[in-house]
**Student:** 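Supplied in structure tokens, the structure appears directly below.
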Amino acid sequence: MCYVTVHNMSFIEFLFILLILYYFVYVLLWIILDCNVALWYKSRFGNSISTMRGQVVWITGASSGIGRALAISLARHGVRLVLSARRLEQLEQVQTECLAAARGLLAQKDVLILQMDMLQLDKHQAHLYTVLNHFERLDVLVNNAGRSQRANWVDIDIQVDRDLFELDVFAVVHLSRLVVRYFLEQNGGRGHIAATSSIAGFSPVPFSATYCAAKHALNAYFTSLKLEQRKLDVTIFAPGPIATDFLMEAFTGNKGEKVGDSTANQKRLTAERCGELFAVAIANKMDLTWCGLVMPMFTEPIDL
Ligand SMILES: NC(=O)c1ccc[n+]([C@@H]2O[C@H](COP(=O)([O-])OP(=O)(O)OC[C@H]3O[C@@H](n4cnc5c(N)ncnc54)[C@H](OP(=O)(O)O)[C@@H]3O)[C@@H](O)[C@H]2O)c1
């Protein structure tokens, strides 16, 4: 009976059913998995993070959250690190955690602490020299430092728009340009730039207008870079809601104000899992990936 039905089906009908099935399975996988299908596949069957052993990865915003988790995931596989952010004590703590995770694969000199305020653009070049003097190479820059936002669109002070873009976009682009110049002029045109974007950088959410716009801008900057410099690797990593303390520091609509809230009660992907998936995306030189729990995104308020 079934045979007769398939036999009588036109080729177009058959293709149509295949297409529906394909999208059905794809959406199902989105709901079941905690990242996009390609990233999940690479985490199982792609390059192991240990293929990066000995490489030097510079992570901005490494003192907490996703940056900290990424650093520990890379350290576990013997990747040498530059940890940068403003809070020295937290960076020292992350350095200790990295060395413990490395279980002898890394010595203290392999995990460099670089105290740095991303907003001081005039010091970026000196920071890059510090990294190169220490390691004599740089393989990957991970632009992770950033702050989110909670605000009504209509109430946002224009100075908040400017301040958020200064940190989440212009500081990132400025540092990246210096590193890309190093890759092009001193590294044979090879190198890898990664950026922590956000799902909000692809699909805007309410009450974070400046942040959504900033992450859209970041995506555009790095996609353009990839189109111009084919030999460079560029990874745009877009997390959904992740369990970090990022709302504590998030902008509001008022100049100088912070949200000062915790996301502890929300159902979110852990920072550790996010950091591990980010490391997989970098090890596999993936262009664009995302991670997050899909179901809570439909049932909970979204802070990205
Ligand atoms: N958590 C989420 O749900 C989520 C979702 C999507 C995307 N993201 C993105 O993930 C990235 C990391 O956020 P997170 O969630 O891990 O939050 P987090 O724990 O607050 O981390 C933010 C990091 O940025 C650093 N930073 C902030 N301002 C800086 C400055 N002026 N100079 C240098 N470093 C600075 C902080 O270090 P110091 O304070 O020590 O300087 C900290 O290490 C951000 O780009 C964020 O937009 C987060």
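Positions are given from 1 along the sequence. Order of listing sets the numbers, starting from 1, for every ligand and every atom in it. Just so it is clear, the structure is predicted and the values come from calculations on it, not from any experiment.
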**Student:** List ligand 1 atoms under 4.0 Å from Y211, heavy atoms only on the residue side.
**Tutor:** 6 (C), 7 (C), 8 (N), 9 (C), 46 (C), 47 (O)
**Student:** Sort and list the pairs that fulfil salt bridge (charged side-chain N to carboxylate O under 4.0 Å, His left out) and have at least one residue in residues 206-219, not counting sequence neighbours.
**Tutor:** none
**Student:** Is I66 close to ligand 1, meaning an N/O of one under 3.5 Å from an N/O of the other?
**Tutor:** yes
**Student:** For ligand 1, is there an atom lying under 4.0 Å from some heavy atom of P241?
**Tutor:** yes
**Student:** What are the atoms of ligand 1, with element, lying closer than 4.0 Å to any heavy atom of G65?
**Tutor:** 16 (O), 19 (O)
**Student:** At a 4.0 Å threshold, what atoms of ligand 1 neighbour a non-hydrogen atom of M116?
**Tutor:** 32 (N), 33 (C)
**Student:** Are the side chains of H127 and W58 in contact, using a 4.5 Å heavy-atom criterion?
**Tutor:** yes
**Student:** Hey, does T60 sit under 4.0 Å from ligand 1 if you only count heavy atoms?
**Tutor:** no
**Student:** Does Q90 come within less than 4.0 Å of ligand 1, judged by its heavy atoms?
**Tutor:** no
**Student:** Between A195, G240, S198, S208, which one has a non-hydrogen atom sitting closest to atom 5 (C) of ligand 1?
**Tutor:** G240
**Student:** Any side-chain heavy-atom pair from Q108 and Q95 closer than 4.5 angstrom?
**Tutor:** yes
**Student:** Below 4.0 angstrom from a heavy atom of R87, which ligand 1 atoms are there? Numbered from 1 as shown, please.
**Tutor:** 37 (O), 38 (P), 39 (O), 40 (O), 42 (C)
**Student:** Could you check D34 against L293 for side chain to side chain contact (heavy atoms under 4.5 Å, CB included), going step by step and ending with a plain yes or no?
**Tutor:** CA-CA 5 Å; D34 57 7; L293 302 175; 4.0 Å; yes
**Student:** N/O of D245 under 3.5 Å from N/O of ligand 1, yes or no?
**Tutor:** no
**Student:** Is it true that T289 and N36 share a donor-acceptor pair across their side chains at a distance under 3.5 Å?
**Tutor:** no
**Student:** How about L70 and V57: do any of their side-chain heavy atoms sit closer than 4.5 Å?
**Tutor:** no
**Student:** Out of Q115, M118, R68, R86, who gets a non-hydrogen atom closest to atom 28 (N) of ligand 1?
**Tutor:** R86
**Student:** So do the side chains of Q125 and H174 get within less than 4.5 Å of each other, counting heavy atoms only?
**Tutor:** no
**Student:** So is there a nitrogen or oxygen of G67 less than 3.5 Å from a nitrogen or oxygen in ligand 1?
**Tutor:** no
**Student:** Answer yes or no: is there a side-chain heavy-atom contact under 4.5 Å between S176 and Y221?
**Tutor:** no
**Student:** With heavy-atom distances below 4.0 Å as the criterion, list the atoms of ligand 1 near D117.
**Tutor:** 30 (C), 31 (N), 32 (N)
**Student:** Quick check: do V234 and D287 have side-chain heavy atoms less than 4.5 Å from each other?
**Tutor:** no
**Student:** Answer yes when R87 and E92 have at least one side-chain N-carboxylate O distance shorter than 4.0 Å, and no when they do not.
**Tutor:** no
**Student:** Would you tell me which option among T244, N144, L269, L247 has the nearest heavy-atom contact to atom 12 (C) of ligand 1?
**Tutor:** N144
**Student:** Which part of K215 is near ligand 1, with near meaning a heavy atom under 4.0 Å away: side chain, backbone, both or neither?
**Tutor:** side chain
**Student:** Taking atom types as modelled and ignoring hydrogens, do the side chains of S64 and D245 form a donor-acceptor contact shorter than 3.5 angstrom?
**Tutor:** no
**Student:** Can you tell me if R268 has a non-hydrogen atom under 4.0 Å from ligand 1?
**Tutor:** yes
**Student:** For S197 and ligand 1, answer yes if some heavy atom of the residue is under 4.0 Å from a ligand atom, otherwise no.
**Tutor:** yes
